[in-house]
> 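Sharing a structure below in structure tokens format, with a few things to ask.
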Amino acid sequence: MAYYWPQYGVAIEVDDDPYLLPFDEEAFPDTAVYHVTTDVICDPESFSALAHHIARIHDIELPHDFDELIYSRPSTFARVYTTKDAA
């Protein structure tokens, strides 16, 4: 399944990930689904831009050190995709 945060009504679907099932938009019609690629998820600058975009649209407050965390270490998503690529 796509990455889904029901409390915010947001899902991220990684279109080029063959391991993730598509998000069931019919079952959750009030959810905003953002379609991205693994390149976006694994690049800190692109991931940060995506997160800030989603947060701004959905009035979500990101942690004050969000960008510092993104740039200081690979995101959880990046670690997942790096592991998949190595397998």
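Keep in mind it's a predicted model, so treat the numbers as computed, not measured. Numbers here are sequence positions counted from 1.
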> Should we say atom CG of D65 is surrounded by more than 12 heavy atoms from elsewhere, each under 6.0 Å from it?
yes
> Mind listing the closest non-hydrogen atom pair of V40 and S46 along with its distance?
O-CB, 3.7 Å
> Any side-chain donor-acceptor pair under 3.5 Å between T37 and D16?
no
> Hey, could you give me each pair passing side-chain hydrogen bond (donor to acceptor under 3.5 Å, both in side chains) that has a residue in residues 25-35? Not counting sequence neighbours.
D15-H35, Y34-H58
> Counting only heavy atoms not in Q7, do more than 12 fall under 6.0 Å of its CD?
yes
> Angle between ring planes, F23 versus Y4, binned at 30° and 60°: parallel, tilted or perpendicular?
tilted
> Could you state the interatomic distance from CG (L62) to CD1 (I54), rounded to the nearest 0.5 Å?
9.5 Å
> To the nearest 0.5 Å, what is the distance between CZ on F28 and CG on D24?
6.5 Å
> Report the C-alpha distance between L50 and I12 in whole Å, list the side-chain angles of each, state the deciding distance to 0.1 Å, and finish with yes or no for side-chain contact (heavy atoms from CB on, under 4.5 Å).
CA-CA 10 Å; L50 171 68; I12 296 176; 4.2 Å; yes
> With sequence neighbours left out, what residues match Y8 under ring pair (Phe, Tyr, Trp, His ring centres under 6.0 Å)?
none
> Please report the shortest heavy-atom distance between Y3 and V14, naming the atom on each side.
CE1-CG2, 3.9 Å
> Evaluate the side-chain contact (heavy atoms from CB on, under 4.5 Å) criterion for residues H52 and F66: first the C-alpha distance (whole Å), next the side-chain angles of each, then the deciding distance (0.1 Å), finally the verdict.
CA-CA 10 Å; H52 283 279; F66 180 81; 3.9 Å; yes
